Engineer: 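First the structure, then my questions, so here it is.
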Amino acid sequence: MARLTALFAALVLASVTLASPVVEIREPLVTLPIARRLNATSGRTILEHDQARARNFLSRGKKSAEKRTASITVTNQVDTYVASVGVGSPATTYSLLIDTGSSNTWLGASKKYVKTSTSKSTGGSVSVSYGSGSFSGTEYTDTVTLGSGLVITGQSIGVASRASGFDGVDGILGIGPVDLTEGTVSNANTVPTVTDNLKSQGTISTEVIGIYYAPTTSESVANGELTFGGTDSSKITGSISYVSLTTTSPASAYWGINQSVNYNGATILSSTAGIVDTGTTLVLLATNAYNKYVSATGAKLDSSTGLLKITSAQYSKLTNLNFVIGGTTYALTPNAQIWPRSLNTAIGGTSSGIYLIVGDLGSNSGEGLDFINGYGFLERYYSVFDTTNKRVGFATTSQTTSTSN
Ligand SMILES: *[C@@H]1O[C@H](CO)[C@@H](O)[C@H](O)[C@H]1NC(C)=O
Ligand SMILES: *[C@@H]1O[C@H](CO)[C@@H](O)[C@H](O)[C@H]1NC(C)=O
């Protein structure tokens with residue numbers, strides 16, 4: 001991974017309209033570069049990871065009436081975004097997966113935890129199961145440095161004594177809702193997330209995370225950015241539209257929203273709840289919606305990659321796949337619906353094949369979690385995760401309609 005440095009963005013343009021003066025709010029926004037890594041031998045592995053993650057989201061959500069167990073989500077190690085995070089003083093740098101679908105921050109999967117004078121054991125044991133991985137160990141508090149300058153003191157972190165399924169990364173930076181930490185640490189009810197602590201320690205004034213990903217055409221590249229405390233206006237081309245978090249369970253346990261999906265003038269998924277997730281590669285649709293998309297596009301499931309495949313004649317007829325969220329339509333252009341062709345051989349495809357990034361969620365709609373907007377969506381729209389105002393926002397970027405794939 002390229003060496004990364006933190007950037008301190010200066011401005012937030014809070015409101016820009018033609019008739020009124022520009023309102024500038026100066027905030028100490030902290031922007032952390034993030035890098036996408038693809039480590040897959042087949043598209044099928046990616047689909048299986050995404051589906052396993054979906055099953056875990058569903059099953060955990062259904063337990064929400066009971067005391068939450070430690071089992072939460074799967075992290076997609078085959079294709080993921082990582083950030084360099086410093087822990088301790090002096091800090092040791094760890095490569096952590098950015099995960100909006102889980103909320104414990106932990107390390108020790110690859111690089112060992114280096115204890116310094118700021119490391120304190122809480123005496124609690126921690127254990128989290130993800131769909132295709134898990135870790136257990138001891139909970140510590142320590143100083144966490146994001147980028148080169150943003151310091152959180154006393155951040156609760158898990159230190160793995162056992163971890164499986166996390167080859168090549170050191171752990172997770174969990175930026176999901178704090179309730180997902182319930183039941184994961186033996187002597188704590190919930191464990192404040194890094195975003196919670198940035199707010200409570202006065203470093204940021206609003207508990208907001210802005211995420212920018214660009215379409216990726218190589219296997220490892222620093223092309224994303226995670227902003228704490230606000231949004232990075234330099235990455236956004238329009239204005240941000242917000243939607244309230246959904247009240248439908250189990251999507252409501254995560255960054256859940258209501259959305260409908262249409263293709264070529266026909267509704268393929270009526271308004272229903274699902275989630276926005278940085279740990280999922282594809283865009284997953286409930287089976288009944290996925291089947292409608294398959295018939296509308298003429299795609300066939302490709303046995304070598306496990307992904308949908310279309311011919312070039314079908315590609316030339318592809319139309320926008322539209323996601324309607326809070327009254328705003330977010331289109332995935334035909335080019336945004338296909339897997340980057342420069343990465344075809346990395347997933348077991350042929351270099352000239354045209355594979356689709358829409359996958360089957362694995363269950364019909366009506367489950368309360370009927371879609372997952374993963375990277376396929378998030379690489380085309382800037383996303384905003386706003387804990388303070390209980391909402392999610394999206395905005396167009398220079399990549400929304402780019403022909404990168
Ligand atoms: C890639 O995946 C293989 C097989 O799962 C694993 O052995 C390897 O460590 C992974 N590499 C990285 C950089 O994640
Ligand atoms: C989302 O959809 C559900 C089910 O149709 C509805 O009850 C709810 O009011 C909608 N809006 C929100 C913000 O949850």
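One-based numbering along the sequence shown. All values derive from a computational prediction rather than experimental measurement. In each ligand, atom 1 is the first atom listed, and ligand 1 is the first ligand listed.
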Engineer: If the criterion is any heavy atom closer than 4.0 Å to an atom of ligand 2, which residues make the list?
Structural biologist: Leu245, Thr246, Thr247, Thr248, Asn258
Engineer: Going by the rule side chain to side chain donor-acceptor pair (under 3.5 Å), which residues pair with Asp142 if we only count those two or more places apart in sequence or in a different chain?
Structural biologist: Tyr113, Thr118, Ser119
Engineer: In terms of heavy-atom contacts, does NZ of Lys111 have more than 12 from other residues, nucleotides or ligands at under 6.0 Å?
Structural biologist: yes
Engineer: With sequence neighbours left out, write down each residue that passes side chain to side chain donor-acceptor pair (under 3.5 Å) with Thr193, or none if nothing qualifies.
Structural biologist: Asp196
Engineer: Under 3.5 Å, is there a donor-acceptor pair between the Thr237 and Ser398 side chains?
Structural biologist: no
Engineer: Taking side-chain contact (heavy atoms from CB on, under 4.5 Å) as the criterion, tell me which of Leu369, Leu245, Ile257, Val392 meets it with Ile275.
Structural biologist: Leu369
Engineer: Using the side chain to side chain donor-acceptor pair (under 3.5 Å) criterion, which residues pair with Ser156? Sequence neighbours excluded.
Structural biologist: Glu139
